[in-house]
Amino acid sequence: MHSRHAARLGRDISAIGFGAWQIGGSWGEVAEHDAEAALAAALDGGVTFVDTADVYGGGRSEEIIGRVLKQRGGRRPFVATKCGRGGTNKADSYTKANLAQWVEASLKRLQVEALDLVQLHCPPTQVYYMPEVFGALDELVVAGKLRAYGVSVEKVEEGLKAIEYPGVASVQIIYNIFRQRPARLFFREAKRRGVAVIARVPLSSGMLTGKLTRETKFAEDDHRDFNREGESFDKGETFSGVPYDVGLDAVEELRPLVPGGVPMAAFALRWILMNDAVTTVIPGARNAAQAKGNAAADDVAPLSDRTMAAVAEVYQRRIAPWVEARW
């Protein structure tokens with residue numbers, strides 16, 4: 001597994017990480033043993049970066065990670081978590097006292113004395129204009145509760161504002177074949193400042209695996225069923241904000257571009273890693289087989305200029321009108 005480095009994060013991490021939303025909740029039922037096996041398979045495949053959040057399954061994701069890593073022993077991977085969405089998610093909830101409380105709860109669930117990275121979990125835009133919030137995070141670093149902090153954003157503009165704060169070590173943002181806008185100004189500025197870029201929703205909620213069809217059924221507790229119009233959280237988190245049928249049609253145009261013998265999911269992950277501003281990409285997995293497949297995408301050969309241009313053309317024609325102005 002190749003590693004990448006970002007100055008503000010201060011550590012090399014695997015180019016392909018493990019996104020632990022699926023082993024927590026909102027993706028249909030994932031049995032405990034499958035969740036543990038998925039994480040173990042990712043680590044066995046060379047993954048050294050794990051991303052979770054305190055609200056994934058009401059803390060279940062963090063608890064599974066803490067338990068699996070304690071049982072495995074040896075050198076721990078870099079574990080990033082997120083906080084801020086467990087309550088009202090209003091700007092006035094991001095107080096010094098609440099931040100400290102959220103961090104203490106994550107420390108307990110992950111069974112560590114200090115968190116590698118804490119990210120504000122897609123807070124309201126107003127929070128990025130509240131320097132006291134970032135000052136409180138600075139204090140938690142000094143106190144030894146955090147080693148670093150960053151943000152997870154919905155919009156490019158939020159990412160650009162966040163990296164103005166010198167303590168922000170990372171920005172997690174949706175970046176995939178269906179969400180290409182971050183690769184322009186934001187990536188350029190993040191790279192210039194040494195900020196780690198964590199690419200999330202890399203497979204567009206499974207759309208870019210090429211396995212979904214118009215007949216695919218999703219469980220009632222799967223966000224791909226209940227959040228298509230943003231009923232529970234930002235619409236962009238589900239299928240990247242692209243209407244389901246539009247996404248399926250675009251996938252069919254992309255399919256001939258996938259090299260022979262390469263799964264479409266691996267192709268989509270390799271496309272993201274073609275941009276060297278990306279520090280790590282965090283696909284999720286519901287079981288060990290999916291986790292192994294994600295890690296193996298690191299072995300896919302770089303894509304040709306011709307392929308990259310063809311992907312860009314499909315995006316501009318099919319997808320950009322749905323996403324560019326909103327995110």
Side-chain angles (χ1 to χ4, degrees), residues 5-13 17 20 24 48-70 73-153 158-159 161-172 190 193-198 279-280 282:
H5 182 80
R8 287 194 190 180
L9 205 55
R11 177 173 167 175
D12 290 348
I13 56 178
T48 64
F49 183 88
V50 177
D51 176 82
T52 184
D54 57 5
V55 294
Y56 292 167
R60 179 182 188 236
S61 178
E62 287 184 328
E63 289 172 350
I64 290 170
I65 292 167
R67 183 169 63 250
V68 169
L69 295 186
K70 185 175 182 179
R75 186 178 181 184
R76 289 176 62 89
F78 190 100
V79 179
T81 191
K82 298 186 283 294
C83 69
R85 296 193 66 89
T88 63
N89 197 38
K90 293 182 179 179
D92 59 8
S93 69
Y94 287 79
T95 64
K96 181 177 179 179
N98 281 347
L99 287 165
Q101 181 180 346
W102 296 334
V103 165
E104 288 296 339
S106 289
L107 287 168
K108 183 177 180 179
R109 286 190 290 265
L110 287 166
Q111 303 184 49
V112 293
E113 295 182 357
L115 300 173
D116 292 329
L117 177 69
V118 167
Q119 304 153 96
L120 299 183
H121 198 172
C122 299
T125 301
Q126 182 184 345
V127 171
Y128 299 99
Y129 294 85
M130 297 166 60
E132 64 271 20
V133 173
F134 298 89
L137 290 168
D138 286 328
E139 291 181 18
L140 287 168
V141 172
V142 172
K145 299 294 184 179
L146 320 176
R147 295 189 176 92
Y149 66 84
V151 296
S152 182
V153 304
E158 293 169 343
K161 178 60 183 175
I163 61 178
E164 292 180 5
Y165 294 97
V168 170
S170 65
V171 173
Q172 184 175 139
R193 297 169 189 250
V195 174
V197 171
I198 303 166
T279 310
T280 188
I282 51 170

Side chain to side chain donor-acceptor pair (under 3.5 Å) partners of Arg67, counting only residues at least two apart:
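Listed in chain order: Glu32, Glu36.
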Sorted by chain and residue number, the side chain to side chain donor-acceptor pair (under 3.5 Å) partners of Lys90 (sequence neighbours excluded) come out as none
Compare all side-chain heavy atoms of [X] with those of [Y] and state whether any distance is below 4.5 angstrom.
{"X": "Val153", "Y": "Cys122", "value": "no"}
{"X": "Leu115", "Y": "Val79", "value": "no"}
{"X": "Gln172", "Y": "Lys82", "value": "yes"}
{"X": "Thr280", "Y": "Thr48", "value": "no"}

Starting at [atom1] of [X], measure out to [atom2] of [Y] and round the result to the nearest 0.5 Å.
{"X": "Glu158", "Y": "Gln126", "atom1": "CD", "atom2": "CD", "answer": "12.0 Å"}
{"X": "Thr81", "Y": "Ile65", "atom1": "OG1", "atom2": "CD1", "answer": "7.5 Å"}
{"X": "Arg75", "Y": "Leu69", "atom1": "CZ", "atom2": "CG", "answer": "13.0 Å"}
{"X": "Asp116", "Y": "Arg11", "atom1": "CG", "atom2": "CZ", "answer": "6.0 Å"}
{"X": "His121", "Y": "Tyr94", "atom1": "NE2", "atom2": "OH", "answer": "8.5 Å"}

Show your working on side chain to side chain contact (heavy atoms under 4.5 Å, CB included) between Val118 and Trp102 and close with a plain yes or no.
CA-CA 10 Å; Val118 167; Trp102 296 334; over 6 Å; no
Trace of the side chain to side chain donor-acceptor pair (under 3.5 Å) decision for Glu62 with Thr52:
CA-CA 6 Å; Glu62 287 184 328; Thr52 184; 5.3 Å; no
Quick check on salt bridge (Lys or Arg N to Asp or Glu O under 4.0 Å): which of Glu104, Glu113, Glu139 does Lys145 satisfy it with?
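Per the salt bridge (Lys or Arg N to Asp or Glu O under 4.0 Å) rule, the option paired with Lys145 is Glu104, out of Glu104, Glu113, Glu139.
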If only atom types and distance count, is the side chain of [X] paired as donor or acceptor with the main-chain N or O of [Y] below 3.5 Å?
{"X": "Ser61", "Y": "Tyr56", "value": "no"}
{"X": "Thr279", "Y": "Val197", "value": "yes"}
{"X": "Asp54", "Y": "Ser106", "value": "no"}
{"X": "Arg147", "Y": "Leu117", "value": "no"}

Give the ring-plane orientation class for Phe134 versus Tyr128, where under 30° counts as parallel, over 60° as perpendicular and anything between as tilted.
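Phe134 and Tyr128: tilted rings.
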Hey, mind stepping through Leu120 and Leu137 against side chain to side chain contact (heavy atoms under 4.5 Å, CB included) and telling me if it holds?
CA-CA 10 Å; Leu120 299 183; Leu137 290 168; 4.1 Å; yes
If every non-hydrogen atom of [X] is compared with every non-hydrogen atom of [Y], which pair is closest and at what distance?
{"X": "Ala91", "Y": "Pro124", "answer": "N-CG, 3.8 Å"}
{"X": "Val195", "Y": "Ser170", "answer": "CG1-CA, 3.8 Å"}
{"X": "Leu99", "Y": "Ala136", "answer": "CD1-CB, 3.8 Å"}
{"X": "Ala148", "Y": "Ala169", "answer": "CB-CB, 4.1 Å"}

With side-chain contact (heavy atoms from CB on, under 4.5 Å) as the test, pick out the partner of Val168 among Gln119, Arg193, Arg8.
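Testing Val168 for a side-chain contact (heavy atoms from CB on, under 4.5 Å) against Gln119, Arg193, Arg8 leaves exactly one candidate, Arg8.
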Who are the side-chain contact (heavy atoms from CB on, under 4.5 Å) partners of Asp138, not counting sequence neighbours?
Tyr149
Can you tell me if CD on Glu132 sees more than 12 non-hydrogen neighbours from other groups inside 6.0 Å?
yes
Please determine whether salt bridge (Lys or Arg N to Asp or Glu O under 4.0 Å) holds for the pair Glu63 and Arg60, giving the CA-CA distance in whole Å, both sets of side-chain angles, and the decisive distance to 0.1 Å.
CA-CA 5 Å; Glu63 289 172 350; Arg60 179 182 188 236; over 6 Å; no
